[in-house]
Amino acid sequence: MKIRVILASKFRDKSYENIVNEYIKRISGFGEAELIELPDNKIGSLDNDSTMSDRGVEKILKQAENHYLISLDFTGKHFTSENFASWFKGRIELHRKLAFLIGPSGGLSKSLTEKSNELISLSKLTFAHKIAAVVLFEQIYRAICINTNHPYHK
């Protein structure tokens with residue numbers, strides 16, 4: 001199992017990064033996990049509708065190469081933690097390598113959502129990137145714990 005979370009921005013607060021690193025450490029007992037931060041200068045400027053430029057889309061797709069790409073988007077599928085665990089288990093069994101994308105503040109471009117294999121949503125609420133990353137890693141770890149009967153979920 002290999003999990004890659006691509007953050008289309010850069011952490012500016014070490015406390016959130018530390019929390020993410022703790023979950024990466026916990027997940028590493030079950031497989032590989034990593035966070036890839038793409039600062040604004042790596043993904044290019046936003047185009048006129050405040051979403052990613054074509055250059056930014058290509059940079060992200062390069063990071064997701066050979067992975068099943070799942071983009072976080074408010075229009076995506078909603079889950080309970082138990083449903084997410086079941087969905088996650090199925091995707092890992094089929095694809096082995098998953099890349100989750102947390103887009104920039106302006107949202108994902110239509111071309112990127114169309115190139116994604118799936119769209120999911122963490123909530124009907126909007127989160128700052130750093131919070132979305134923490135929630136996503138925590139839910140991935142929780143899904144692994146549910147699927148392995150680890151007591152963390154209880």
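All values below come from the heavy atoms of this structure, side chains included, with hydrogens, waters and symmetry mates left out.
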Close side-chain approach of I144 to H150, heavy-atom, < 4.5 Å: no

Roughly how far, to the nearest 0.5 Å, is the OG atom of S81 from the CZ atom of F88? 13.0 Å

In K2, R91, M1, the residue satisfying side chain to side chain contact (heavy atoms under 4.5 Å, CB included) with L98 is R91

Less than 4.5 Å apart, any side-chain heavy atom of W87 and any of I70? yes

Does L108 share a hydrophobic cluster with Y68, counting links as ILVMFWY side-chain heavy atoms below 4.5 Å and allowing steps through other members? no

Between S116 (side chain only) and L112 (backbone N and O only), is there a donor and an acceptor less than 3.5 Å apart? yes

Which atom pair, heavy atoms only, marks the closest approach of N147 to A85? ND2-O, 3.0 Å

Hey, any chance F79 and I146 share a hydrophobic cluster, counting ILVMFWY side chains that come within less than 4.5 Å of each other, even indirectly? no

Is the closest side-chain heavy-atom distance between N149 and C145 below 4.5 Å? no

Given side chains that start at C-beta, do those of K124 and H78 come closer than 4.5 Å, heavy atoms only? yes

Rounded to the nearest 0.5 Å, what separates atom NZ in K59 from atom CG in L61? 12.0 Å

Kindly compute the distance separating CG (L69) from NZ (K115), expressed to the nearest 0.5 Å. 11.0 Å

Using every non-hydrogen atom in the two residues, find where L125 and S123 come nearest and quote the distance to one decimal. N-OG, 2.9 Å

Validation row: I27, F137 side chains within 4.5 angstrom (heavy atoms): yes

For H129 and I102 the tightest heavy-atom approach is CD2-CG2, 3.8 Å

If I compare all heavy atoms of E37 with all of S9, which pair ends up nearest, and what's the gap? CB-O, 3.6 Å

For residues L72 and I120, determine if any side-chain heavy atom of one lies less than 4.5 Å from a side-chain heavy atom of the other. yes

Locate the shortest heavy-atom distance separating I6 from I60; write the atom from each residue and the value. CD1-O, 4.1 Å

Salt bridge E58-K62, side-chain N to carboxylate O under 4.0 Å: no

What distance separates E118 CD from D73 CG, expressed to the nearest 0.5 Å? 13.0 Å

Name all residues meeting the ring pair (Phe, Tyr, Trp, His ring centres under 6.0 Å) criterion together with Y152; count only those two or more places apart in sequence or in a different chain, and write none if there are none. Y141

Minimum heavy-atom distance A8-G103, with the two atoms named: CB-C, 3.8 Å

Nearest 0.5 Å please: distance from the OG1 atom of T80 over to the CD atom of Q139. 9.0 Å

Do L38 and F100 share a hydrophobic cluster (ILVMFWY, side-chain heavy atoms under 4.5 Å, transitive)? no

V20 versus L136: any side-chain heavy-atom pair under 4.5 Å? no

Hey, does the side chain of R4 reach the backbone of I36 with a donor-acceptor pair shorter than 3.5 angstrom? no

Let me confirm one number: the CZ-CD distance from R142 to E82, rounded to the nearest 0.5 Å. 8.5 Å

Any donor-acceptor pair under 3.5 Å linking the side chain of T113 with the backbone of K110? yes

Do you reckon L122 sits in the same ILVMFWY cluster as I24, going by side-chain contacts under 4.5 Å, direct or chained? yes

In the structure I gave you, are the side-chain heavy atoms of F74 and T126 within less than 4.5 Å of one another anywhere? no

Same hydrophobic cluster for F11 and I140, using side-chain heavy-atom links shorter than 4.5 Å among ILVMFWY? yes

